[in-house]
Protein chains: 2
Amino acid sequence: MKQGATVTRVDDAYERLKDEILQNRMPPGFQAPEPEIALRLGMSRTPVREALIRLEASGLIELIPRRGARVLPVSPTDMREIYEILTALEPEAAAGLARSRPTAEMLAGLAEATDEMEAALERNDLEAWAVADDAYHRRLLALNENRRLSAIVGSLFDQAHRVRMITLRLRAPPTESTREHREILHHIQAGNVEVTRTVFRHHRERAARELLSILENYRLPGL
Amino acid sequence: MKQGATVTRVDDAYERLKDEILQNRMPPGFQAPEPEIALRLGMSRTPVREALIRLEASGLIELIPRRGARVLPVSPTDMREIYEILTALEPEAAAGLARSRPTAEMLAGLAEATDEMEAALERNDLEAWAVADDAYHRRLLALNENRRLSAIVGSLFDQAHRVRMITLRLRAPPTESTREHREILHHIQAGNVEVTRTVFRHHRERAARELLSILENYRLPGL
DNA sequence: GTATACCGTAATGCATGCATAGGTTCGCGT
DNA sequence: ACGCGAACCTATGCATGCATTACGGTATAC
């Protein structure tokens with residue numbers, strides 16, 4: 001078991017570091033020089049460096065010449081930027097999906113995620129709700145045939161992940177949001193392209209408003 | 001003059017290779033192993049490798065395990081993807097700009113580019129027209145305060161650059177396109193957010209239609 | 001003539017070496 | 001005690017070394 005998918009050290013480093021960042025184990029502002037990271041990952045600087053370059057391209061870290069890698073904080077401005085783009089792109093992706101008249105089978109993952117969101121909301125399990133929400137959006141993306149769009153939106157999800165998890169408990173129960181997901185799924189199934197786009201857009205706009213107002217109310221300048 | 005902007009070899013390699021690709025001197029499908037590229041750039045493999053990783057993240061090349069770096073061809077499907085995203089994002093950027101009520105001074109670059117497009121069209125100088133068109137779109141982006149959006153759209157421009165240059169001569173004179181640019185500029189100046197968005201969207205949709213039909217008519221499967 | 005197996009070649013993935021240049025700290029002078 | 005400077009330390013940027021392994025070509029067998 002040494003070749004198979006050819007898991008290179010660079011890939012391993014990338015995945016591990018990305019995970020550490022998204023799970024907030026390497027919090028925003030955290031900084032470490034290459035040799036230290038290499039030591040922690042048990043490999044030489046070379047693959048670490050290459051992984052860091054990719055993480056920088058993904059918008060998760062910043063490489064500062066003599067200071068090492070720094071986990072980027074996400075400011076309210078960043079969130080505004082991210083949601084502005086998501087608001088423009090995700091409805092497009094959903095509309096495209098509706099246009100392609102997917103089979104019920106293809107939408108099974110979406111339906112399942114929706115069920116889980118509703119169940120999680122019912123028992124007030126915010127953690128599970130967030131997981132299902134993430135799954136919903138990512139599955140929607142995966143169904144889209146526009147690879148570039150999927151990649152871009154996926155990257156933005158990653159950048160916003162921490163903030164969403166943190167604000168999860170600072171907001172009202174996502175009743176409305178859950179309902180909207182169900183509604184969007186319906187419209188996709190019905191192949192109603194324009195309505196899908198519109199509803200999804202409203203969904204994102206509302207989410208952005210809520211999130212930004214939380215960041216403002218709680219004075220969270222960078223997460 | 002050795003520090004200043006600290007031009008690292010990685011940056012140099014990245015810029016040079018990107019330029020070679022965009023100018024079609026390294027045509028799509030072109031393939032070369034790292035040592036060869038390193039030799040050509042007069043540096044060791046290490047900085048070349050790092051530059052290649054960034055170029056891959058930019059969507060310009062593909063790194064194939066034992067074959068080296070390959071300049072990615074852009075297929076009609078790719079162009080459809082790219083224009084789909086641009087159609088969603090650029091109107092947003094333009095609308096945002098209109099909303100911010102920019103001063104005439106800030107729009108000077110746009111106005112200038114528009115003038116140049118009209119002048120170039122007048123004297124049938126397609127090359128100059130393309131340059132002005134590119135300048136128009138990039139300046140519009142630069143005025144946008146959403147950095148991420150600018151970066152994404154800029155990257156897509158780069159990916160589409162070659163195809164646009166090649167199809168330039170295969171299409172009818174861009175009379176309509178030039179007019180639309182002028183119109184969009186007017187609406188931005190007038191601060192008419194919604195109209196800006198709509199007109200820009202039509203602009204992109206028309207451009208996409210024209211371009212894709214050219215690719216189809218001339219049977220250009222990958223450029 | 002075609003298919004297969006073997007071998008040589010060469011590219012990659014990664015480790016390591018090294019010079020340079022920032023940053024830091026410690027000590028000195030005021 | 002505080003500010004300033006010099007020496008040290010260390011991170012980086014890059015070069016190089018090295019084992020592994022895929023690829024291509026050739027020779028052989030059918």
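Just so it is clear: chains get the letters A, B, ... in the order the sequence lines come, proteins before strands, and each one is counted from 1.
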In 5'-to-3' order, the base (B), backbone-only (S) or no-contact (-) status of each nucleotide in nucleotides 11-18 of chain C, using a 4.0 angstrom heavy-atom cut-off, is BBBSBBB-
Would you please test D134(B) and H161(B) for side-chain hydrogen bond (donor to acceptor under 3.5 Å, both in side chains) and show each step?
-> CA-CA 9 Å; D134(B) 193 68; H161(B) 182 80; 4.7 Å; no
Are R201(A) and E92(B) within salt-bridge range, i.e. N to O under 4.0 Å?
->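 Here R201(A) pairs with E92(B) in a salt bridge, since their nearest N and O are under 4.0 Å apart.
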Side-chain contact test, heavy atoms from C-beta onward, threshold under 4.5 Å: evaluate it for L107(A) versus L143(A) and give yes or no.
->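 The answer is yes, as the side chains (C-beta and beyond) meet within the 4.5 Å cut-off.
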Atom pair distance, as rounded to whole Å: [atom1] in [X] and [atom2] in [N]:
| X | N | atom1 | atom2 | result |
| --- | --- | --- | --- | --- |
| L63(B) | dA22(D) | CG | C1' | 16 Å |
| Q31(B) | dG24(D) | CD | P | 10 Å |
| L52(A) | dA11(D) | CG | P | 14 Å |

Criterion salt bridge (charged side-chain N to carboxylate O under 4.0 Å, His left out) on R147(A) and D78(B), from CA distance to verdict | CA-CA 9 Å; R147(A) 295 308 198 83; D78(B) 291 318; over 6 Å; no
What class does the angle between the rings of H203(B) and H137(B) fall in, given that below 30° is parallel, 30 to 60° is tilted and above 60° is perpendicular?
->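 If you compare the ring of H203(B) with that of H137(B), the planes turn out parallel.
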